[in-house]
Peer 1: 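Dumping the structure here so I can ask a few things about it.
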Amino acid sequence: MAAQPRHIFAWRLLVFAAALTPIGWWSYHVAVGAAGPEPGRYLLLNLGQGALVLLLCTLSLTPLTKLTRWKGFSVIRRQLGLWTFSYASLHLLSYLLFILGLNWTALGEDLQKRPYIIVGALALLILLALAVTSNRYAMRKLGKRWKSLHKWVYAALCLVLLHFLWVVRADLAEWSGYAAVGLGLMLLRLPAVAQRLPRFGGRPKRARA
Amino acid sequence: MLIKPRNHLTLGENDVTPESIYLSRRKFLGGVAGLGLAASLPRAAWAGPDYDDVAKAKGPEWFEAKLGDTRWNAITAEDKITPSDDATHYNNFYEFGSDKSDPARRAGQLKTVPWSVTVDGEVGKPGQYALEDLITPSRFEERIYRLRCVEAWSMVIPWLGIPLAEVIKRAEPTGKAKYVYFETLEDPKQMPGQASRFGLIDWPYREGLRLDEAMHPLAFLAVGMYGRVLPNQNGAPLRLVVPWKYGFKSIKSIVRISLVESQPKTSWNMLAPNEYGFYANVNPEVDHPRWSQATERRLPNSLFSPNVIDTQMFNGYAEEVASLYQGMDLRKHY
Ligand code: HEM
């Protein structure tokens, strides 16, 4: 990989540290007994919401780049995508370890019977596929198909929102907030909207697709 | 219908037991009474705390006055009692928010004194009763019950209160009364969760029991827990405790008790009838669509041991309550 300017490297490092911080914070809460009587579920829910927040952040980078034309947003896209996948994997791991107590049969049953788990697993599979093809080698190999493959991230977003909707018990306030942001980000990718974006961010020097 | 309490469930203590003595006797009594209730569990599992960790709180005068005459340990469980800090900071009480930590943070402003309860419907003595008038004719009892949430976690809590049957009898149900209907306070000013525009529950919260279930000696009206007055987040000042049913049946902050002729509408059943039945008896064989009911996590747990245990039919109270459901298809009437 070509050497990058120092400030870009520092920016990436900062993002890395910022993405790691919540995990440290939650672990600290668990360690000092401030996570309530069910620390495993505390981690499960926080990691799930963390993964969703990271997914939304990742998806906001392209529109943000267009709006501001600051390159800093696009250089962290892959990193945030991988963080999303990591949080989601840890979320699944928490479920397996702390809720099911490593009962694989129970996981197998859930994967057959429970719609919200099936939908979550499909989302995770998509994120997995995107994670393993996020390197330059895969990009080169896949060529044009890479872009269409990575559009599946929007399918993952819809599945995650559905997964979340199905675990809501009695109040949709939190979910509606996430869904509104997700919907907004998807609207921004509609060609008609996307083409207009750069105009709000100042005069475009070059047309961008 | 009247059911006599079974001997192995109820330990009679006719004389007044000062608190200091009952606390030192707790271990002994727990062992004895537990034999009948949960013989399958090893006796050593019971190491009851003496509620040392309980935040003290003074109840209203009538409550404190009755405490001295309480039949402590009237019903015990072999299970280890959940630390009160957990039982009071991990609550589903959607009137105060949907996060389990919301009730403890937001229930402070609920005004529980004075409190009145409307008793109406098919009764000979309808009226609006001050809470103390409803409760004081009966003697306080302490009952240690397992509480099984429909979300597959459970706790063990020492409640303080009186049998529901006694309140119902005093209201003099007519021959038409077949069900008991309960309602929680509705007041969005005091209960911020009710003010949410994204809430799915049609307030007030409603629950109900068949009359014979309500008259069962295990059905309980609690006004306290851990030897003190109920904290707001646990349903102060008056809540139901039906230990063989999922926790959502045990309605909190009750303002109405009606005896009615037909099966009443109940909140969770109205919201998602395929998930929450009217009966909601704890049953490991009938899954909730979103999660299995075969096991439960006994709280508190830790990362290293999720404390997953098998869920028992009727939450371990089958011997006492199974007869209420004889001949019923419990898969259909979940
Ligand atoms: C096999 C894959 C997955 C499994 C088994 C799984 C399991 C769970 C479970 C058990 C819950 C809690 C349900 C409850 O409230 O009782 C949950 C909630 C949640 N999950 Fe997943 N999940 C999976 C994939 C994902 C993915 C890929 C994401 C996001 C990228 C995600 C995000 C969430 C969110 C946002 C919540 C709600 C958290 C809250 O209520 O605060 N999950 N998941």
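Chain identifiers are assigned alphabetically (A, B, ...) following the order of the sequence lines, protein sequences preceding nucleic acid strands; residue numbering begins at 1 within each chain. These numbers come from a predicted model, not from an experiment.
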Peer 1: Mind checking whether B:L303 and A:V30 have side chains closer than 4.5 Å, heavy atoms only?
Peer 2: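 Yes - at least one pair of side-chain heavy atoms lies under 4.5 Å apart.
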
Peer 1: Against chain A, label B:L271 side chain, backbone, both or neither, depending on which of its atoms sit under 4.5 Å from a heavy atom there.
Peer 2: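 Only the side chain of B:L271 comes within 4.5 Å of chain A.
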
Peer 1: Of the backbone (N, CA, C, O) and the side chain (C-beta and beyond), which part of B:E151 lies under 4.5 Å from a heavy atom of chain A, both, or neither?
Peer 2: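 It is the side chain, since no backbone atom gets that close.
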
Peer 1: Tell me, side chain or backbone of A:W166 under 4.5 Å from chain B's heavy atoms, or both, or neither?
Peer 2: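 For A:W166, the backbone is the part near chain B, not the side chain.
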
Peer 1: Against chain A, work out which of B:S101, B:S305, B:P289 has the most heavy-atom pairs shorter than 4.5 Å and name it.
Peer 2: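 Between B:S101, B:S305, B:P289, the count favours B:P289.
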
Peer 1: Given heavy-atom pairs under 4.5 angstrom as the criterion, report whether the side chain, backbone, both or neither of B:S292 touches chain A.
Peer 2: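 The answer is both parts of B:S292.
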
Peer 1: Test your reading of the model: is there a side-chain donor-acceptor pair from B:R297 to the backbone of A:I99, 3.5 Å cut-off?
Peer 2: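 No.
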
Peer 1: Please check if the number of heavy atoms outside A:W152 that lie under 6.0 Å from its CH2 is greater than 12.
Peer 2: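 Counting other residues, nucleotides and ligands, CH2 of A:W152 stays at 12 neighbours or fewer.
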
Peer 1: Please identify, among B:N307, B:I201, B:L299, the residue contributing the most non-hydrogen atom pairs under 4.5 Å to chain A.
Peer 2: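 Ranked by contacts with chain A, first place is B:L299.
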
Peer 1: Can you confirm whether B:Y90 sits close enough to A:R41 that some side-chain heavy atom of one is under 4.5 Å from a side-chain heavy atom of the other?
Peer 2: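 In short, these two side chains touch, coming nearer than 4.5 Å.
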
Peer 1: Taking side chain as everything from C-beta outward and backbone as N, CA, C, O, which of these in A:F98 sits under 4.5 Å from a heavy atom of chain B? Side chain, backbone, both or neither.
Peer 2: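 Contact with chain B involves both backbone and side-chain atoms of A:F98.
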
Peer 1: Name the member of B:P306, B:S302, B:A272, B:G193 that forms the most heavy-atom pairs with chain A at distances under 4.5 Å.
Peer 2: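 Among B:P306, B:S302, B:A272, B:G193, the one with the most close pairs to chain A is B:P306.
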
Peer 1: Do B:Y94 and A:R169 have side-chain heavy atoms sitting under 4.5 Å apart?
Peer 2: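 Yes - at least one pair of side-chain heavy atoms lies under 4.5 Å apart.
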
Peer 1: Specify which of A:A170, A:A106, A:S176 makes the most heavy-atom pairs with chain B at under 4.5 Å.
Peer 2: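 Ranked by heavy-atom pairs under 4.5 Å with chain B, first place is A:A170.
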
Peer 1: Let me know if B:D287 has heavy atoms under 4.5 Å from chain A in its side chain, its backbone, both or neither.
Peer 2: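 Contact with chain A: side chain only.
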
Peer 1: Under the side chain to side chain contact (heavy atoms under 4.5 Å, CB included) rule, what do B:L200 and A:L172 come out as? Steps first, then yes or no, please.
Peer 2: CA-CA 7 Å; B:L200 300 174; A:L172 280 172; 3.7 Å; yes

Peer 1: Go through the atoms of B:R290 and report whether side chain, backbone, both or neither lie under 4.5 Å from a heavy atom of chain A.
Peer 2: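 Both the backbone and the side chain of B:R290 come within 4.5 Å of chain A.
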
Peer 1: Side chain, backbone, both or neither: which part of B:W268 has an atom under 4.5 Å from a heavy atom of chain A?
Peer 2: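 Contact with chain A is through the side chain of B:W268 alone.
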
